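First comes the structure, then the notes that go with it.
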Amino acid sequence: MSHPEVVGRGVETGLLPVDEVRAIAREGLARLPLGGRRVLVLIPDGTRTMPMPLLFDVLDQEVGPRAAALDFLVALGTHAPMSDAQLSALVGREVRGGRAGERGVFNHRWDDPTAFATLGTIPAAEIEQLTGGRLRRDVTVALNKLPLEYDHVIVCGPVFPHEVVGFSGGTKYLFPGIAGPEIIHFTHWLGALITNYAVIGTQATPVRAVIDRAARLLDRPLSLLAPVVLHEGVAGLFCGPVHEAWAAAADLSSRRHVVWLDRPVKRVLSIMPAMYDDLWVAAKGMYKVEPAVADGGEVVIYAPHVREVSHVHGRLIDQVGYHCKDYFEKQWDRFKEIPGGILAHSTHVKGLGTYDPARGVETPRIRVTLATGIPPERCARIDLGYLDPASVDVEAWKKDPGTLVVPRAGEMLYRVTTRAKHGSI
């Protein structure tokens, strides 16, 4: 059901014309009470497909003349900071020294403790309720303090099925987008406890509930400009109050970003685009296809350009390796000091599985193999399979009836029609 304060439209087939995308954005932004206010826009980094240059232009033209200030903050989470050249490509204008003309374009400094302000604490009893009893402890909510220097915050980012929170976008651009480490690691480990298999493509999740609760601690008006994007263009755009606009975008994403298969497949070749430059982000080639793989099957992440496990977190991942959540839970004393976000990434890449502590045997549901520039000895060290990418004949794999080849993997979710649809968790 549409919300009266949300301006937007989505199409079930085809794409919106560019002029209509621009018109929806202009109308939605025109309705926001931004006159004389300092406005900060949260935007994605280069690992999300979206028409950022077009929306940057509309924001500049529609908001800039009536706002007292208009600046942009890249919601990096814990991804590597973007260079001026990368920022320029992202927004479609030259960025030099953190500025694009009159507009500031800032990286979120997640690695700088002085960049944060503590907004408050979510008490343990409420956390227990929000997480369905999975976790119980106080969670301190820290956020980049830059939004506190502005009067209105606009999230401008796409909505896709997501391995941790169910669907990306909305308040996720606050947590983990520009959040402090505690709530990042907490929410990611919560998602791992639920598992990617269960949470991805689900709107009502405990992780989203915690993120939305944390967002209420930010004492600033929060609006959303949310495109639903396919590789070929924009299928929908919604602008308005953050929760209502996000719900409209997630509804459309659930229809446009999910590919339904009649039966599970034995093997998937996920071909990763260049925007994923390490396994930390290229692992979306596993997350988005795991629900469609038969027990005992295999996912091959094909990315010859990827030579690093993680530019930021590689040392910790080398220490931990990739394992199912059972492996960590049944050896918690061994791993409890490792940040929850690292453990969560590990379990999401490995997928479902079991661990027998008496025998020390881990049994993953499926195999995950890297056909990347990461050498075989390192793949073995982190408990993933290796395949020489030069040996992969993509056209031959396409002819194999037991193999699903996914071009430009990482954003479309694959599911099987016989698998129950998730409503809420």
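Computed from a predicted model, the values in this text were never measured in an experiment. These numbers come from the heavy atoms of this one structure, side chains and all, not from hydrogens, waters or symmetry mates.
Side chain of His257 to main chain of Leu230: no donor-acceptor pair is present (N/O by atom type, distance under 3.5 Å, no hydrogens or angles). A donor-acceptor pair under 3.5 Å is absent between the side-chain atoms of Trp189 and the main chain of Ile342, judged by distance alone. Remark: the backbone N or O of Pro161 is paired with a side-chain donor or acceptor of Lys288 at under 3.5 angstrom. With Asp151 contributing its side chain and Arg38 its backbone, the two residues share a donor-acceptor pair below 3.5 Å. Put simply, the side chain of Asp45 never gets that close to the backbone of Leu76: no donor and acceptor are under 3.5 Å apart. At distances below 3.5 Å, not a single donor-acceptor pair connects side-chain atoms of His108 with backbone N or O atoms of Val74. One N or O on the side chain of Asp278 and one on the backbone of His311 form a donor-acceptor pair closer than 3.5 Å.
Annotation: side chain of Phe186 is not in contact with side chain of Ile122 (no heavy-atom distance under 4.5 Å). For the pair Met272/Val306, no side-chain contact is recorded, criterion being any heavy-atom separation below 4.5 Å from C-beta on. The shortest side-chain heavy-atom distance between Glu395 and Lys398 falls under the 4.5 Å cut-off. Inter-residue side-chain proximity for Pro227 and Val21 is flagged as unmet; no heavy-atom pair is nearer than 4.5 Å. Looking at heavy atoms from C-beta onward, Leu218 lies in side-chain contact with Leu148 at the 4.5 angstrom threshold. By the 4.5 Å heavy-atom criterion applied to side chains, Leu54 and Val18 are counted as neighbours. In this structure, the side chains of Leu174 and Ile178 come closer than 4.5 Å at one or more pairs of heavy atoms. Contact check for Leu55 versus Val41: no side-chain heavy atoms found under the 4.5 Å cut-off.
Other residues, nucleotides and ligands contribute only 12 or fewer heavy atoms inside 6.0 Å of the CD atom of Gln129. Counting non-hydrogen atoms of other residues, nucleotides and ligands closer than 6.0 Å to CG of Asp393 gives a total above 12. Taking a 6.0 Å sphere around CZ of Arg255, one finds it holds more than 12 heavy atoms contributed by other residues, nucleotides or ligands.
Between Glu27 and Arg31, at least one side-chain N (NZ, or NE/NH1/NH2) sits under 4.0 Å from a carboxylate O, which counts as a salt bridge. Using a 4.0 Å cut-off between charged nitrogen and carboxylate oxygen, Arg378 and Glu308 count as a salt-bridge pair. Ion pair Lys350/Asp383 not flagged as a salt bridge, since none of the NZ, NE, NH1 or NH2 atoms sits closer than 4.0 Å to an Asp/Glu carboxylate oxygen. For the pair Arg22 and Asp19, the salt-bridge criterion is met [side-chain N within less than 4.0 Å of a carboxylate O]. Salt bridge annotation for Lys284-Glu163: present, with a cationic side-chain nitrogen under 4.0 angstrom from a carboxylate oxygen.
Looking at every heavy atom in both residues, Cys239 comes nearest to Leu29 through SG-N, 3.8 Å. Minimum heavy-atom separation, Ala371 to Val392: CB-CG2, 4.3 Å. Annotation for Tyr276 and Ala409: closest pair CE1-O, 3.4 Å, computed over non-hydrogen atoms. Of all heavy-atom pairs spanning Tyr197 and Pro291, the tightest one is CE1-CA, 3.5 Å.
Using modelled atom types, one finds a donor on one side chain and an acceptor on the other under 3.5 Å when comparing Arg408 with Thr49. No side-chain donor-acceptor contact under 3.5 Å links Ser88 and Arg96. A side-chain N or O of Thr403 and one of Asp400 form a donor-acceptor pair less than 3.5 Å apart.
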Run the side-chain contact (heavy atoms from CB on, under 4.5 Å) check on Leu135 and Leu193 step by step: do they pass? CA-CA 10 Å; Leu135 295 167; Leu193 292 175; 3.9 Å; yes
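Using cut-offs of 30° and 60° on the angle between ring planes, the pair Trp280 and His313 is tilted.
Applying the salt bridge (charged side-chain N to carboxylate O under 4.0 Å, His left out) test to Arg220 and every residue at least two apart in sequence or in another chain returns nothing.
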